[in-house]
Chemist: 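My questions will all concern the structure given below.
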Amino acid sequence: MEDGKKISNFIWDFIDEELAQGIRDNVYTRFPPEPNGYLHIGHAKAIYINFTTAQKYNGKTNLRFDDTNPAKEDTEFVESIQQDIKWLGYNWNKLCFGSDYFHQTYLYAIELIKKGLAYVDDLTAEDIKNYRGTLVTQGIESPYRNRGVEENLELFTQMKEGKFADGEKVLRAKIDMNSPNVVLRDPVIYRILHAYHHNTKDEWCIYPLYDFAHPIQDAIEGVTYSLCSLEFENNRPLYDWVLNNLDDFKKVRPRQIEFARLNLENTVMSKRFLKRLIDEGIADGWDDPRLPTLCGLRRRGVSPDAIRNFCEAIGISKSNSEVEFALFEHMIRDDLKPKANRVMAVLDPVKVVITNYEKDKIEYLPISNNQDNEELGERMVPFGKELYIEREDFMEVPPSKYHRLYPGNEVRLMGAYFIKCENVIKDNDGNIIQINCTYDEKTKNGLGFTERKVKGTIHWVEATTCEKFKANLYEQLLLDDDGTDKDYMERINPQSLKEVTAYCEPCLKDANAGEVFQFVRNGYFAVDSKASEQGMPVFNRTVSLKSSYKVSQ
RNA sequence: AGGGGCAUGGCCAAGUCGGUAAGGCAACGGACUUUGACUCCGUAAUUCGUAGGUUCGAGUCCUGCUGCCCCUGCCA
């Protein structure tokens, strides 16, 4: 995916071919979310595909809210969806609504009726279902199938005028009740719904169904490639049928191409499930940092770049697959690596006293903010006689290959001095409450000391100046699939959120909401945009750091 | 009377007119290292679901078989 290597996928191959053969000369795509929920990482893949496909060919992409069903939509989502797409870094050419075309769509339905290709059916929903047949048996034609054009026109007009109750009649396309593709067995294309629509208010009481409305919307907007997910493959013949039978669209029709939607390990994207998590209080809203929603990921500290890079890395294909979460984490770290300031914070503290360091003295040591990006500058970090280090960075009886602190061993305090453990103090229960060390002044950071080396470098924080802030440590919300087909609710990870107190360098007091830091050796942490207050940030762990350390016996 | 798709190392995924298996992630070695991070080197498919066939030669063409996904909303 770098330099010379061209990215290839079946969609772009297909477009290249059509362009080469002169079948068309432009590329126009659309992203058509239904405004009934928040966007998640799965949508991000669809957004990525639609927008980058257009970009690649100097084409355009429309954002079109698919609002043909008034019962399910909410204006709240119309706002949030736009925000999320912009946040991801994409700009649409036109902002449209499926409802913008209600009148035209209605006229096209009449065209079909006049051509004898659509009829009003009085059958009940249940009968329509029964008459449709099954996957292995033929369908039966409705007794109303052969009504005359005039009668159909009259009835359809009455439907529009509100003469009938919901469900009393529908308009159906007259295709083939014997088609092996059930989608083609005279699909319903208009239903009666006396419902308030967020855009058209009470203007309509009949609404087109997706299969009829979508191809028309695409065609009206000049969309050339209607990219959607695999489950619409069976609907493509109907998509084509609609356009083929409408005079306006006979010539150059948009082409529907289906790709596999994203499945991410230990992640569920279903709206139903996400909503349940929120309703039952397992998640604290659509932007809970453990959720795969774009607003959740944003609050978690994941950047749009990381998401786009991820989408590029997973590729586009037609095979149902499940991507390992590790790939996503890699993209998150890879993105944050040069951007985030690296600071020290201790999440599970144990006190260290440097016995030969002057009492009450505090010295300020310059430490680079990011060794891999010197442009980020440096900061002064207070150092003193009493410090906190990570509990797991000390062991009284170390296993082999343990490079951290243990009695008699010397380690480097990052950015400061070498210290050597002399002894420990325990409480009555045998818990270590203090580690006494001595330091060597000659080993101070920056002095170029090379007389001896240490195997380990650990992070620390000065005890009297450090700040205590809340940190949320996240893990996967769902436990690994054990192959027993458990309900998702049974896979909820009880450890998905662990709240701890982080002992932080004083500089973190000024952290701004949304800012992401690397807590050295602990991971990347983002300042929560909701819970943080001025001078009192709350940190969300975006992702931990990799570690090749394995505890040996 | 079923139809439509998909099968390439642990996970994604490229594979042009058939010419002798890209890349990323993960894993494992090793080097480097003031993050056991990063970086850097190195390692795995005689083999492309399977059985045959065509061919000098097949992941790529043909046939059969198997497995998985989607379709019987007046949802999208």
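Within every chain, numbering begins at 1; the chains are lettered A, B, ... in the order of the sequence lines, protein sequences first and strands thereafter. Values below: every heavy atom of this structure, side chains too, minus hydrogens, waters and symmetry copies.
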Chemist: Name the nucleic acid region contacted by A/L264, choosing base, sugar-phosphate or nothing; use a 4.0 angstrom heavy-atom cut-off, strictly under.
Modeler: nothing
Chemist: Go through B/rG5, B/rG36, B/rC71 for me and flag the one nearest to the A/V182 side chain.
Modeler: B/rC71
Chemist: Below the 4.0 Å mark, does B/rA37 have OP1 or OP2 next to a side-chain nitrogen or oxygen of A/S548?
Modeler: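 So the side chain of A/S548 is within the cut-off, an N or O lying under 4.0 Å from OP1 or OP2 of B/rA37.
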Chemist: Out of B/rA76, B/rG15, B/rU34, which nucleotide sits closest to the side chain of A/T457?
Modeler: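 In terms of side-chain proximity for A/T457, the closest of B/rA76, B/rG15, B/rU34 is B/rU34.
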Chemist: Has the side chain of A/N234 got a donor or acceptor atom sitting under 3.5 Å from an opposite partner on the base of B/rG3?
Modeler: yes
Chemist: With sugar-phosphate meaning primed atoms plus P, OP1 and OP2, does A/N445 contact a base, only sugar-phosphate, or nothing at under 4.0 Å between heavy atoms?
Modeler: base
Chemist: Select base, sugar-phosphate, or nothing to describe what A/T134 touches, counting heavy atoms under 4.0 Å on all strands.
Modeler: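 Result for A/T134 = base.
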Chemist: Give me the distance, rounded to whole Å, that separates B/rU8 from B/rA14 when you measure between the P atoms they each carry.
Modeler: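 These two P atoms come out 11 Å apart once rounded.
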Chemist: Which nucleotide, if any, forms a Watson-Crick or G-U wobble pair with B/rU63, using both distances under 3.5 Å?
Modeler: B/rA51
Chemist: With a 4.0 Å cut-off on heavy atoms, is A/I128 in touch with a base, just the backbone sugar-phosphate, or nothing at all?
Modeler: base
Chemist: Counting the atoms with a prime plus P, OP1 and OP2 as sugar-phosphate, which does A/E322 contact under 4.0 Å by heavy atoms, base, sugar-phosphate, or nothing?
Modeler: sugar-phosphate
Chemist: Between A/D100 and A/R64, is the closest basic N to carboxylate O distance under 4.0 Å?
Modeler: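 No.
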Chemist: Once you apply a heavy-atom cut-off of 4.0 Å, does A/S179 come out as touching a base, just sugar-phosphate, or nothing?
Modeler: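 Result for A/S179 = base.
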Chemist: When both hydrogen-bonding distances must be under 3.5 Å and the geometry is Watson-Crick or G-U wobble, what is B/rG2 paired with, if anything?
Modeler: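 Base-paired to B/rC71.
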Chemist: Look through every strand shown and name the nucleotide pairing with B/rC28 as Watson-Crick or G-U wobble, where both distances are under 3.5 Å.
Modeler: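 The answer is B/rG42, by the H-bond criterion.
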Chemist: Using a 6.0 Å distance limit plus a 45 degree cone around the ring axis, check whether A/R145 lies over the aromatic ring of A/Y131.
Modeler: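 Cation-pi check for A/R145 and A/Y131: fails.
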Chemist: Of the listed nucleotides (B/rG2, B/rA26, B/rC12), which one gets closest to any side-chain atom of A/V323?
Modeler: B/rC12
Chemist: Flag the pair A/D440 and A/K420 as a salt bridge only when some basic side-chain nitrogen lies within less than 4.0 angstrom of an acidic carboxylate oxygen.
Modeler: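 The answer is no: the pair does not qualify as a salt bridge.
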Chemist: Would you mind classifying the nucleic acid contact of A/Q138 as base, sugar-phosphate or nothing, using non-hydrogen atoms under 4.0 angstrom?
Modeler: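 Base, at least one base atom sits under 4.0 Å.
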Chemist: With the side chain of A/V188 defined as its heavy atoms from C-beta on, choose the nearest nucleotide among B/rC74, B/rG2, B/rA76.
Modeler: B/rC74
Chemist: Counting any heavy atom closer than 4.0 Å, what does A/I458 reach on the DNA or RNA strands: base, sugar-phosphate only, or nothing?
Modeler: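 The answer is nothing, as A/I458 stays clear of every strand by at least 4.0 Å.
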Chemist: I'd like to know if A/E168 and A/K163 make a salt bridge, using a cut-off of under 4.0 Å between side-chain N and carboxylate O.
Modeler: no
Chemist: Looking at the side chain of A/E233, which of B/rG4, B/rU34, B/rU35 is the nearest nucleotide?
Modeler: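 Closest of the options to the side chain of A/E233: B/rG4.
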Chemist: Is there a Watson-Crick or G-U wobble partner for B/rC17 with both distances under 3.5 Å, and which nucleotide is it?
Modeler: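 Across all strands, not a single nucleotide pairs with B/rC17.
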Chemist: Base, sugar-phosphate, or nothing for A/A125, non-hydrogen atoms under 4.0 angstrom?
Modeler: base
Chemist: Would you classify A/K129 as touching base, sugar-phosphate or nothing, given that sugar-phosphate means primed atoms plus P, OP1 and OP2, and contacts are heavy atoms under 4.0 Å?
Modeler: sugar-phosphate
Chemist: Both distances below 3.5 Å, Watson-Crick or wobble geometry, any strand: find the nucleotide opposite B/rG36.
Modeler: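 Here B/rG36 is not engaged in any pair, so there is no nucleotide opposite it.
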Chemist: Please figure out whether A/K444 or A/F328 has its closest RNA chain B nucleotide nearer the 5' end.
Modeler: A/F328
Chemist: Among B/rC11, B/rA76, B/rA14, which nucleotide sits nearest the side chain of A/E324?
Modeler: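 Side chain of A/E324 sits closest to B/rC11.
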Chemist: When you check the glycosidic angle of B/rG29, does it come out syn, meaning within 90° of 0, or anti?
Modeler: anti
Chemist: What does A/R236 touch in the nucleic acid at a heavy-atom separation under 4.0 angstrom: a base, only the sugar-phosphate, or nothing?
Modeler: nothing
Chemist: Using a 4.0 Å heavy-atom cut-off across all strands, classify A/R132 as base, sugar-phosphate, or nothing.
Modeler: sugar-phosphate
Chemist: Indicate, with a heavy-atom threshold strictly under 4.0 Å, whether A/R404 touches base, sugar-phosphate, or nothing.
Modeler: base
Chemist: Let me know the distance between CD1 of A/I314 and P of B/rG24, rounded to the nearest Å.
Modeler: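 In whole Å, B/rG24 P and A/I314 CD1 are 17 Å from each other.
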Chemist: Can A/H330 be said to stack with the base of B/rG24, given centres closer than 5.5 angstrom and planes under 30 degrees apart?
Modeler: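 The ring of A/H330 is not stacked on B/rG24.
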Chemist: Ignoring hydrogens, what is the shortest heavy-atom contact between A/E462 and A/L387? Give both atom names and the distance.
Modeler: CA-CD2, 3.9 Å
Chemist: What I want to find out is whether A/E221 reaches A/R30 closely enough, with some N-O distance under 4.0 Å, to be called a salt bridge.
Modeler: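 Salt bridge flag = no for A/R30 with A/E221.
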Chemist: Could you tell me whether A/N178 contacts a base, only the sugar-phosphate backbone, or nothing, with contacts defined as non-hydrogen atoms closer than 4.0 Å?
Modeler: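 The residue A/N178 makes base contact.
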